[in-house]
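Read the structure below first, then the notes.
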Amino acid sequence: ISQSGNSAFIIAATLSTNSVGGTELLDLGTNQVSGFTATNTTSGNIRLINFGTLNTGTISNTAPTGFVAINNSGNTTVTGNIDSIDQIVMLILGSTSTLTVNGDVTSSASDVTYNADHMTLVGDSTGNTVNFAPTTVLTTTTDLGGADAPGVLGLSDAELNTAHANLLRVYGNSILNVSSAINVLN
C-alpha cells in the first residue's frame, strides 16, 4: 500500500491497513487520519505522515526487515500495542505536541525512539535502546523527575521506568535538569 506526493491525501476517522509488502502513507502533511491500525508481514515498513490528533490502535510489523514510523504534527495517543519484529519503532511528533503512550511499544531487535515536546508514558517501551527527546531540542529543556511545562519535557521516575532496554538515552538542549531522585529499574 503506497501513497506519495501532495495530491492523494487521506481524510478518515479510522484507517486500518493489512499488507504483505508494507504500508507507506507519505503525503507531506495533508493526511488527516484520526484513528490508525496496521499489520504488515513478509517485507516492507509501516509509515504514516499525518496532520492532526491521532489515536493508534494495534500496529504490528512482522516483516524481518521492516520498521514502524509515525510522524504526526498533532497530539498522538498510543492506545493499542505497537510492535516491530526486527527493526526500529519510532513515534515522531511536531513541535508542542503531546505523545501519550498507554499501549506497549516493542522493537524485538532494535530501538524505540520518541520525539515529542511533552510525553505521558504509561505503557511499556521495550527495545535494545529506548530514546526520549523533545522535538524542538534547541528551545525545550529536558527535566528528569520534573513535570511537563511550556518549554520543558518532563520525564518522571515512573515514566522512565516504563523503558525496558539495554541502554536508555535522554536527549535535550545544553541544559538537562534533574528535579528529583531518579531510580531507573529496567
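All values derive from a computational prediction rather than experimental measurement.
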Test side chain to side chain contact (heavy atoms under 4.5 Å, CB included), reference L54, set V78, L91, T77, L48, output is L48

So, does S107 use its side chain to make a donor-acceptor pair with the main chain of Q87 at under 3.5 Å?
yes

Exercise for the section: Apply side-chain contact (heavy atoms from CB on, under 4.5 Å) to T142 and L155, showing your working. Expected result: CA-CA 8 Å; T142 303; L155 294 168; 4.3 Å; yes

The reported gap from CG in D111 to OG1 in T129 (rounded to nearest 0.5 angstrom) is 4.0 Å

Checklist entry - Any donor-acceptor pair under 3.5 Å linking the side chain of N128 with the backbone of A109? => result yes

### Message
With a 3.5 Å distance limit and no angle check, can you tell me whether N61 reaches the backbone of S84 through a side-chain donor-acceptor pair?
### Response
no

Taken in chain and number order and not counting sequence neighbours, the residues that satisfy side chain to side chain donor-acceptor pair (under 3.5 Å) with T39 are N18

- Do T113 and N131 have side-chain atoms, one donor and one acceptor, less than 3.5 Å apart? yes

Heavy-atom closest pair (G44 atom, A63 atom, distance to 0.1 Å) is O-CB, 3.7 Å

Given V89 and T106, is the side-chain contact (heavy atoms from CB on, under 4.5 Å) satisfied, shown in steps? CA-CA 7 Å; V89 174; T106 303; over 6 Å; no

Checklist entry - If two hydrophobic side chains count as joined below 4.5 Å and joins carry through other members, does L153 share a cluster with L176? => result yes

#### Entry: Check: N177 and T141 side chains under 4.5 Å, non-hydrogen atoms
yes

* Linking I/L/V/M/F/W/Y whenever any side-chain heavy atoms sit under 4.5 Å apart, do V170 and L167 land together? -> no

**Asked** Is the closest side-chain donor-acceptor distance between T79 and N55 under 3.5 Å?
**Response** no

Between N50 and the options N71, N72, N31, the side-chain hydrogen bond (donor to acceptor under 3.5 Å, both in side chains) test singles out N72

CG of L138 to OG1 of T135, rounded to nearest 0.5 Å, is 12.0 Å

Quick note, salt bridge (Lys or Arg N to Asp or Glu O under 4.0 Å) partners involving residues 32-58, not counting sequence neighbours, are E24-R47

Contacts of S125 meeting side chain to side chain donor-acceptor pair (under 3.5 Å) (sequence neighbours excluded), chain-then-number -> Y114

Here the gap from N81 atom CG to T58 atom OG1, rounded to the nearest 0.5 Å, amounts to 6.0 Å

Here the gap from S60 atom OG to I82 atom CD1, rounded to the nearest 0.5 Å, amounts to 10.5 Å

Do the side chain of Q32 and the main chain of I11 share a donor and acceptor less than 3.5 angstrom apart? no

Looking only at heavy atoms, the pair that brings L168 and A163 closest together is CD1-CB, 3.9 Å

OG1 of T100 to CG of N75, rounded to nearest 0.5 Å, is 7.5 Å

- Item | Pair D148-T98, side-chain contact (heavy atoms from CB on, under 4.5 Å): steps then yes or no | CA-CA 10 Å; D148 287 336; T98 297; 5.5 Å; no

Is there a side-chain contact between I46 and F36 (heavy atoms, below 4.5 Å)? yes

Exercise. Does I85 belong to the same Ile/Leu/Val/Met/Phe/Trp/Tyr cluster as V68, with side-chain heavy atoms less than 4.5 Å apart forming each link?
Worked result: no

| Any chain of hydrophobic side-chain contacts (each under 4.5 Å) joining L99 to V152? | no

Taken in chain and number order and not counting sequence neighbours, the residues that satisfy side chain to side chain donor-acceptor pair (under 3.5 Å) with T56 are none

Distance col, row T37:OG1 vs I59:CD1, nearest 0.5 angstrom, shows 7.5 Å

Correct closest heavy-atom pair for H164 and V130 would be O-CG2, 4.2 Å

### Query
Side-chain heavy atoms under 4.5 angstrom apart, residues restricted to Ile, Leu, Val, Met, Phe, Trp, Tyr: same cluster for V20 and L25?
no

Excluding F67, membership of its hydrophobic cluster (Ile, Leu, Val, Met, Phe, Trp, Tyr; side-chain heavy atoms within less than 4.5 Å) reads I88, M90, I92

Scanning both residues in full, the closest heavy-atom pair of N40 with G21 reads OD1-N, 3.4 Å

Residues S97 and A116: closest non-hydrogen pair is O-CB, 4.2 Å

Derivation and outcome, side-chain contact (heavy atoms from CB on, under 4.5 Å), residues N115 and Y171: CA-CA 9 Å; N115 287 78; Y171 296 93; over 6 Å; no

Side chain to side chain donor-acceptor pair (under 3.5 Å) filter on S110, not counting sequence neighbours, yields none

In short, M119 meets A133 closest at the heavy-atom pair CE-O, 3.6 Å

